[in-house]
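Written below as structure tokens is the structure these notes are about.
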Amino acid sequence: MNSNKTFFYLGFALASCLVSLPSQALLTQGSLVFIPEGEPMDVASSDFGNKSIGLVTNNSDELVLCFGSSGHLYVCKWDNGSQAFTEPTAIDPEENIFMSDSEGPQMAAHGDDITLTYMLSGDWDTGARSVSSHDGGITWEAPVSMVPEATTDHFMPCVGMDPEGNPFAGVKVGTSQVYEGILKSNDGGASWLSAVNASEAADGDAVCECCPSLPFWGNGRYYDLVRNNNNNVRDFWLLGSDDGINWNTAVDMDPIDWEINSCPAAGPAVCGPLPDGSWRAAFMNGGGVTGQSRVYVSSMNLDANDGAGALLGTVPVTVNQFENATQNNPTLDVWSPINGDPIIALAWEQNSGGYDVQLAVSNGMTLTDIAVNLTSEWSGQHRRPQLVFTGTDYTPTLHLVWQNSSDGTVKYLKGSIETPFDVDHPSDFVLPVCTATSAGIALQFPESWSTGEWALWDVQGRLAAQGACSQQRQVFIDVPSSGNWIVSVVNSNGNRWSHQIVTP
């Protein structure tokens with residue numbers, strides 16, 4: 001065993017023989033452990049830069065990455081044979097490629113079909129380009145002009161893939177009252193149809209002009225998750241289409257209703273489906289008690305409303321775990337075995353006097369207040385993570401990449417997800433029970449949790465009510481309205497527990 005290996009326990013306040021774990025770890029049923037395999041490694045030297053990281057996998061479960069520096073874009077992949085990353089390959093080396101962490105190149109894959117989209121710097125009308133690989137990232141075709149006849153801005157192509165290996169991309173069209181345009185390719189990225197207005201069904205007259213969108217295929221339909229702009233209310237809407245050309249549905253998937261007179265320049269992440277058919281979307285929004293940016297997770301039912309989709313609920317990823325922190329750039333993925341519970345992994349960057357990557361892993365529905373600092377023991381500023389699962393039905397592997405802003409490299413770390421069988425619990429260890437009724441929320445405590453404090457939080461992470469855990473071990477909580485809530489308990493011994501609940 002590597003003596004430098006750190007065990008990241010997502011769930012129990014434990015101690016291992018290698019490190020002392022956070023004393024305030026969250027107690028949940030089915031808690032999981034992320035066990036890194038060694039130390040982070042550099043994907044490439046700092047000569048290649050670390051901006052605009054993109055991460056996908058091919059049919060062989062090899063990672064394919066894009067990244068770069070000002071004006072320059074590179075791709076490389078993990079080679080299973082040599083157990084190393086290949087030397088980065090320059091994309092469109094004769095051009096000045098627009099590189100920006102929030103608005104730069106994007107990548108999507110379906111099997112061994114991979115498409116990478118980007119902009120030529122300064123050419124905002126016709127400068128959208130795509131390059132494709134059909135052998136899992138080994139070779140790349142010549143760049144393709146996506147909008148050669150455009151006469152107005154077609155900015156920031158963000159790409160998704162359908163099951164036929166054909167890419168489709170969202171672009172910001174226009175310079176005022178910008179709308180979301182969707183371009184579709186029917187030949188694997190060799191050519192593109194003209195952009196159609198995909199955001200007409202959403203409220204308001206515009207979308208955020210520099211927030212990346214997320215086109216994706218789900219449950220037999222084309223979707224695009226877009227930050228809308230309705231009189232400076234910036235929230236995410238799910239746009240939908242049966243054929244990728246006629247975009248006739250739009251559903252608000254973000255109840256935060258953040259009002260800000262500027263573009264946040266931050267986009268979403270999506271994963272699914274889970275075994276119950278639902279999907280998850282993570283995104284940054286402002287508001288809450290402190291007004292700082294926070295990461296939220298929405299649950300979505302894409303089958304509802306004839307495929308238009310429906311919002312099942314939204315929760316912040318922290319309510320009382322971090323009092324003074326700024327969160328952004330979430331990434332998430334789900335591993336769904338044929339038999340057994342799914343595993344959801346969520347990471348984001350967090351500034352609490354320095355940037356670090358926070359990681360939460362759960363095989364339940366709750367991702368709130370279970371984060372651990374993945375990068376605290378390593379020097380530098382750690383930002384803009386990307387993650388993905390690979391592996392068989394029984395042995396998932398979690399891969400993470402992120403920027404190290406101090407040395408200018410892309411860092412890579414992988415590890416396994418395991419259940420901590422060596423947990424030393426009292427024989428009478430029981431978790432609280434939380435039940436929604438038409439009158440409110442009933443919270444029942446076992447004896448071991450009866451000396452702490454409980455709290456009720458709303459969807460924006462604002463404290464709605466709090467009190468002491470009853471020695472009678474039962475509390476009834478009146479809720480101000482129906483909807484999504486988070487109940488959390490901090491025990492007198494420092495253990496914490498939280499539960500997402502929907503009141504009728």
Side-chain angles (χ1 to χ4, degrees), residues 6-16 19-36 269 271 274 280-282 284 288 294-299 313-323 325 327 329-335 341-350 352 356-376 385 387 389 396 398 400 415-420 423 425 429 431-434 449 452-457 459 461 484-491 493-501:
T6 301
F7 281 22
F8 291 94
Y9 282 74
L10 306 182
F12 290 99
L14 306 173
S16 78
V19 296
S20 295
L21 299 170
S23 62
Q24 297 295 310
L26 175 69
L27 285 163
T28 61
Q29 294 181 359
S31 297
L32 300 172
V33 181
F34 172 62
I35 304 178
C271 73
L274 276 69
R280 299 290 182 271
M284 178 274 282
R294 287 286 189 265
V295 171
Y296 297 84
V297 176
S298 284
S299 300
T314 301
V315 294
V317 299
T318 60
V319 287
N320 62 7
Q321 189 176 12
F322 305 109
E323 294 182 357
Q327 302 167 347
N329 297 306
T331 175
L332 80 167
D333 196 16
V334 60
W335 178 75
D341 294 329
I343 297 175
I344 302 175
L346 170 69
W348 65 91
E349 72 173 39
Q350 182 162 298
S352 304
D356 277 300
V357 174
Q358 301 288 334
L359 175 65
V361 178
S362 172
N363 60 3
M365 296 299 103
T366 298
L367 286 162
T368 299
D369 280 349
I370 61 173
V372 295
N373 192 327
L374 183 70
T375 56
S376 61
L387 62 77
F389 278 111
L398 181 61
L400 300 106
S416 59
I417 305 295
E418 299 182 12
T419 301
V423 177
H425 286 316
F429 181 80
L431 292 171
V433 176
C434 190
W449 288 82
E453 293 186 349
W454 61 266
L456 179 70
W457 309 83
V459 69
N484 266 254
W485 301 92
I486 294 175
V487 177
S488 67
V489 179
V490 179
N491 203 4
N493 64 9
N495 288 334
R496 292 187 292 112
W497 170 90
S498 72
H499 183 72
Q500 177 186 346
I501 197 163

Is the shortest side-chain heavy-atom distance between [X] and [Y] below 4.5 Å?
X      : Y      : value
Pro36  : Leu400 : no
Leu359 : Leu398 : yes
Leu456 : Val487 : yes

Looking only at heavy atoms, what is the nearest atom pair of [X] and [Y], with distance?
X      : Y      : value
Ser362 : Ile370 : CB-CD1, 3.9 Å
Ser488 : Trp457 : OG-NE1, 2.8 Å
Asp333 : Cys271 : CA-CB, 3.7 Å
Pro330 : Ala269 : O-CB, 3.6 Å
Val315 : Thr368 : CG2-OG1, 4.0 Å
Thr314 : Ser298 : OG1-OG, 2.7 Å

To the nearest 0.5 angstrom, please state how far the [atom1] atom of [X] sits from the [atom2] atom of [Y].
X      : Y      : atom1 : atom2 : value
Arg280 : Leu332 : CZ    : CG    : 9.5 Å
Trp485 : Cys434 : CH2   : SG    : 12.5 Å
Asp356 : Leu374 : CG    : CG    : 8.5 Å
Gln327 : Phe322 : CD    : CZ    : 7.0 Å
Asn363 : Ile417 : CG    : CD1   : 10.5 Å
Phe34  : Ile343 : CZ    : CD1   : 12.0 Å

Just jot down the side-chain hydrogen bond (donor to acceptor under 3.5 Å, both in side chains) partners of Trp348, sequence neighbours excluded, or say none.
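In terms of side-chain hydrogen bond (donor to acceptor under 3.5 Å, both in side chains), with neighbours along the sequence ignored, Trp348 is linked to Gln350.
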Donor-acceptor pair, [X] side chain versus [Y] backbone, under 3.5 Å?
X      : Y      : value
Asp369 : Val319 : yes
Glu349 : Asn329 : no
Thr331 : Ala347 : no

Sequence neighbours left out, what passes side-chain contact (heavy atoms from CB on, under 4.5 Å) with Ala281? Give chain and number order.
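So Ala281 forms a side-chain contact (heavy atoms from CB on, under 4.5 Å) with Leu225, Val270, Met300.
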